[in-house]
Each structure stands twice: as structure tokens, then as C-alpha cells.
Amino acid sequence: MLETYEATRFIDVLPSGRTRPILVECELADDSGVLVGSFVVKALGLPEVEEYGLFAETLGYLVAAELEIETPKPALVRLSNEFVAAVNPVLRPHGLTLQPGIGFGSEHLGSGLIAASSDQHLNAEQTDAALKIFCYDRLIQNVDRQERNPNCLIKAVE
């Protein structure tokens, strides 16, 4: 089962993706304390995001995990009435309005990663992972992959 985090701080609207996901800092309180993380969140009220789409996104991550495709950590993200009321004035200039409820989040991996491109040489392990991701995107008919919305990231060479 996926953990449910509470959205606590709006960070940004991401520039890529047709659903215009948002970057949110979230907290998860449990017996050992409070975990804090940043998640890329798709939620009701964002373009093209509906309940079925959130279900499909969640199921897609769970199936990918079963197929041993490496993905960012998935989570459910609770967007409280108070959070939404505070964030919507910031989102309006972007043409966005959130609705309270549960969104789908994937852990933000931060900086230091770049999209793999056709002019880079991938080692055998990276090539195998890229092939799995490509085939999986075809299987689930995920057609919005492009240079601005990559699905295969690698560590940047320092």
C-alpha cells in the first residue's frame, strides 16, 4: 500500500507535462517521527487530471514496480482545504486551480539528473533499463514523452 503524505508547502509549477504537475513539500508522520520529502504531484483541478487518471497513474507505478522498472518513490498526497486555499492564489496566474483531496505524487529526484539522449552512450545496464522503460511506455500507451518530458534520466557527469 502507498503511504499518504500531507502537502505542507507549495514549491513550483513544473514546466513540462500536459497535466502541469506541481512540486510540493510533504510530510508523513508515523511512530518514528516525521518524514519530509518533495513530490511531483498530479491532482484534481490540474489540466487533464480526473479521478480515473489518478487511479491509472497509481496503478501504473505499482505495475512498474512489479516489473522491476526503477521509478521514483510513489505516494498519495493529501491536499487539505487549507493548503488549497493558500496555494490557489499563487496558481491562478498560471491558469491553474487545485481541488482539495488526494493527489498522486512521485518523489522529486532533485538536481544532478539529465534526460538520456540519443547522442549519449549508455552502458549495458542503462540500455537495459531504458529498453524496459520504453517498452513499458508503449504497453501503457504513454505517448507524451519528449525532450521536455523525459522518462529516462541518468546522473550528470561532473
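- Side-chain N or O atoms of N88 include one that pairs as donor or acceptor with a backbone N or O of L98 at under 3.5 Å.
- When side chains are defined from C-beta on, L54 does not count as touching I102, because their heavy atoms never get closer than 4.5 Å.
- Contact record, P74 with L2: CG-CD2, 3.7 Å, taken as the closest heavy-atom pair.
- The shortest side-chain heavy-atom distance between P47 and T19 does not fall under the 4.5 Å cut-off.
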With side-chain contact (heavy atoms from CB on, under 4.5 Å) as the criterion, how do R20 and K42 come out once you've worked through the C-alpha distance, each side chain's angles and the decisive distance to 0.1 Å? CA-CA 8 Å; R20 306 283 311 275; K42 294 181 181 181; over 6 Å; no
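- Summarising the geometry of L46 relative to P21, their closest heavy-atom pair is CD1-CA, 4.1 Å, with the distance given to 0.1 Å.
- Side-chain contact between L28 and Y5 is present, with heavy atoms from C-beta onward closer than 4.5 Å.
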Given the rule in the side-chain contact (heavy atoms from CB on, under 4.5 Å) test, do L44 and E51 qualify, once you have shown the distances and angles that lead to the verdict? CA-CA 7 Å; L44 295 176; E51 288 178 358; 4.1 Å; yes
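- Separating the CG atom in L59 from the OH atom in Y52 is a distance of 8.0 Å, to the nearest 0.5 Å.
- A 4.5 Å side-chain heavy-atom check between L23 and V41 finds every atom pair outside the cut-off.
- Of the possible donor and acceptor atoms, one in the side chain of D30 sits under 3.5 Å from a partner among the backbone N and O of G33.
- Atom CD of E57 and atom CG of L62 lie 11.0 Å apart (nearest 0.5 Å).
- Each salt bridge (Lys or Arg N to Asp or Glu O under 4.0 Å) pair with one or both residues in residues 83-97, not counting sequence neighbours, would appear here, but there are none.
- Follow the hydrophobic side-chain contacts under 4.5 Å out from I11 and you never reach L91; the two are in separate clusters.
- Closest heavy-atom contact between P89 and A85: CD-O, 3.2 Å.
- Looking at D12, its side chain never comes within 3.5 Å of a backbone N or O of L14 through a donor-acceptor pair.
- Taking SG of C26 as the start and CD of E107 as the end, the distance is 10.5 Å to the nearest 0.5 Å.
- A distance of 8.5 Å separates CD in E27 from CD in E6, rounded to the nearest 0.5 Å.
- When hydrophobic clusters are built by joining Ile, Leu, Val, Met, Phe, Trp and Tyr residues whose side-chain heavy atoms come closer than 4.5 Å, directly or via intermediates, Y61 is not grouped with V40.
- Inter-residue side-chain proximity for F83 and P100 is flagged as unmet; no heavy-atom pair is nearer than 4.5 Å.
- Applying the salt bridge (charged side-chain N to carboxylate O under 4.0 Å, His left out) test to E25 and every residue at least two apart in sequence or in another chain returns R9.
- For A43 against V49, the heavy-atom pair with the smallest separation is O-CG1, 3.2 Å.
- The heavy-atom pair separating F39 from A75 by the smallest distance is CE2-CB, 3.7 Å.
- Using a 4.5 Å cut-off between side-chain heavy atoms of Ile, Leu, Val, Met, Phe, Trp and Tyr, with links allowed through other members, V24 and V36 fall into different hydrophobic clusters.
- If you look at F104 and F55, their ring centroids are not closer than 6.0 Å.
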